[in-house]
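Values below: every heavy atom of this structure, side chains too, minus hydrogens, waters and symmetry copies. Residue numbering restarts at 1 for every chain, and letters A, B, ... go by the order of the sequence lines.
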Amino acid sequence: MQILKVENLSKSFDGTEVVTNVSFEITKGEVVAVIGPSGSGKSTLLRCLNLLERIDQGTVVVAGDTMVETSSNGQVRYASEEKLRKIRLHLGMVFQNFNLFPHFSVLQNITEAPLRVAGLSIAEARVIALGLLDKIGLHDKADAYPYQLSGGQSQRVAIARAMAMNPDILFFDEPTSALDPELTGEVLKVIRNLASEHMTMMVVTHEMSFARDVADRIIFMDKGQIIEEGAPHQIFSSPTNERTKTFLKNFYNNSGF
Amino acid sequence: MFAIGNGTDFFRLLSLLFNGALTSLQIFFLTLLFSLPLGLLIALGRMSPQKWINGPLKLFILIMRGTPLILQLIFVYFAPFYMLPESMRFSLPRFTAAIIAFSLNYAAYYAEIYRGGIESIPRGQYEAAAVLGFTKAQTFFRIILPQVIKRILPPISNEVITLVKDSALVQVLGISELFRVAKNESSRIFSTTPLFVAGLFYLFMNWMVTKIFETAEKKLSYYQ
């Protein structure tokens with residue numbers, strides 16, 4: 001089943017095109033890693049897909065609902081605010097800088113949206129939150145506040161917070177880029193576990209070995225365009241495009257992997 | 001200098017000043033009651049991208065912060081009578097005029113404090129709330145405002161302390177608040193003692209204000 005369909009998506013900032021004519025699809029249960037050099041438009045693409053940025057051209061369909069479409073005369077039309085709010089419930093997002101709510105405890109961070117947006121009861125939201133905290137190994141931190149957590153713990157809570165809304169697809173915007181190398185492992189492990197449970201995910205990342213091991217498909221972006229797309233073994237062992245080759249060669253040289 | 005006569009006289013002075021202080025406290029509490037919410041509305045309007053909303057509010061803030069409060073008191077009291085055409089003339093009660101002038105003036109200061117606080121909240125907080133599906137109102141009242149309040153408590157406490165002392169300005173409209181009572185009594189008994197005792201009253205009130213804000217800050221120190 002198709003969860004996300006993107007057609008000819010373009011986005012400019014002040015006349016500079018950051019994402020150019022991008023098209024791809026994601027099916028249910030798929031893990032897609034988006035890689036590419038800094039400034040290649042990966043994060044902007046992600047932000048367009050979860051409505052943090054408005055696109056200039058293209059069509060985005062989420063779980064069968066049209067979020068935005070472009071008519072033949074180039075007119076971009078978003079769905080009504082009410083419908084966008086509904087579509088948003090299909091989408092989860094994990095930020096590079098966690099963006100936890102500092103005035104809420106870990107438990108409140110996770111229960112707030114289920115309570116106020118999904119309309120669950122306190123008891124229901126608590127059960128979900130505690131279950132998720134178990135899963136990310138932070139049961140004992142339920143009553144802690146974000147400032148008491150390490151970066152890795154914060155990001156795991158942020159993942160639990162997104163998962164509590166039971167999204168159809170979870171977006172990650174460089175989830176380990178703000179972390180010390182020794183803390184990235186614990187976050188990647190949580191994402192790996194989600195992958196093994198067939199959570200649909202789109203991960204913008206600089207962690208090449210993670211992308212290679214966990215993703216079902218790799219999208220390589222450069223200068224706002226999708227340059228190459230394919231299974232990890234194909235992209236990593238026999239990339240067809242010159243730019244992909246150069247990018248991966250730099251990476252191999254630096255990491256020795 | 002401390003010629004205060006006998007104990008009866010001193011008791012009389014205290015009760016006079018106490019009555020004056022009650023009027024000062026009324027001005028203090030009513031001004032807070034109106035100016036704190038009004039300041040928030042002004043701050044939100046001031047941050048609006050619409051020029052026709054933020055422009056007039058910028059001018060309002062400039063005037064309220066840029067002219068003496070004592071002049072604003074006089075203006076609010078006299079303008080409805082002297083500046084309107086004859087058929088529309090009216091006079092506000094002194095006390096009402098004082099509360100209006102104080103509320104508008106303090107709202108302007110609070111608005112800028114709120115604005116500073118709101119603008120200091122990282123954009124990521126809004127984005128995290130948006131992707132979780134919170135409405136704009138939920139985002140503001142549940143996520144942003146609580147964090148703003150923690151950040152603005154110190155500058156707000158400054159203004160509140162100033163308000164206690166500024167309440168003395170309403171005497172320009174002939175309202176018998178603490179300072180005016182003390183001054184009159186001072187002239188009558190030809191001694192500065194009433195003024196010094198009034199000073200102790202102000203100090204006591206602001207000691208209470210300081211304690212209240214300390215408690216509030218402590219309460220909000222459970223997170224960073």
Determine the minimum heavy-atom distance between B:Tyr223 and A:Tyr147, stating which atoms define it. CA-CE2, 3.7 Å
So for A:Leu100, is it side chain, backbone, both, or neither that comes closer than 4.5 Å to the heavy atoms of chain B? backbone
Rounded to the nearest 0.5 Å, what separates atom CD in B:Glu127 from atom CG in A:Leu51? 12.0 Å
Over 12 foreign heavy atoms within 6.0 Å of CZ, B:Phe95: yes
Which atoms of A:Arg161 are under 4.5 Å from chain B, going by heavy atoms: the side chain, the backbone, both sets, or neither? both
Can you confirm whether B:Arg151 is buried at CZ, in the sense that more than 12 heavy atoms of other residues, nucleotides or ligands lie under 6.0 Å from that atom? yes
Is it true that a side-chain atom of A:Arg85 and a backbone atom of B:Gly133 form a donor plus acceptor pair closer than 3.5 Å? yes
Chain A shares the most heavy-atom pairs under 4.5 Å, among B:Gln147, B:Lys150, B:Arg142, with B:Arg142
Would one find more than 12 heavy atoms of other residues, nucleotides or ligands at under 6.0 Å from atom CD of A:Glu82? no
Taking atom CE of B:Met83 as the centre, does the number of heavy atoms from other residues, nucleotides or ligands within less than 6.0 Å exceed 12? no
Backbone N or O of B:Leu220 within a donor-acceptor pair of the A:His103 side chain at under 3.5 Å? no
Can you tell if the side chain of A:Phe95 reaches within under 4.5 Å of the side chain of B:Val131, non-hydrogen atoms only? yes
Counting heavy atoms not belonging to A:Ile122, are there more than 12 under 6.0 Å from its CD1? no
What distance do A:Leu91 atom CG and B:Leu132 atom CG have between them, rounded to the nearest 0.5 Å? 11.5 Å
Heavy-atom contact with chain B under 4.5 Å, split by part of A:Phe104: side chain
Chain A heavy atoms under 4.5 Å from B:Tyr222: which part of the residue, side chain, backbone, both or neither? both
If we ignore hydrogens and angles and just use 3.5 Å, is the side chain of A:Arg116 paired with the main-chain N or O of B:Phe134 as donor and acceptor? no
Take atom CZ of B:Phe179 as the centre, draw a 6.0 Å sphere, and report whether it contains more than 12 heavy atoms from other residues, nucleotides or ligands. no
Contact class of A:Phe101 relative to chain B, heavy atoms under 4.5 angstrom: both
Most contacts with chain B, counted as non-hydrogen pairs under 4.5 angstrom, among A:Arg47, A:Glu81, A:Met165, A:Lys86: A:Arg47
Measure distances from A:Glu112 to the heavy atoms of chain B and classify the residue's part below 4.5 Å as side chain, backbone, both or neither. both
If I measure from the heavy atoms of chain B, does A:Leu52 come under 4.5 Å with its side chain, its backbone, both, or neither? side chain
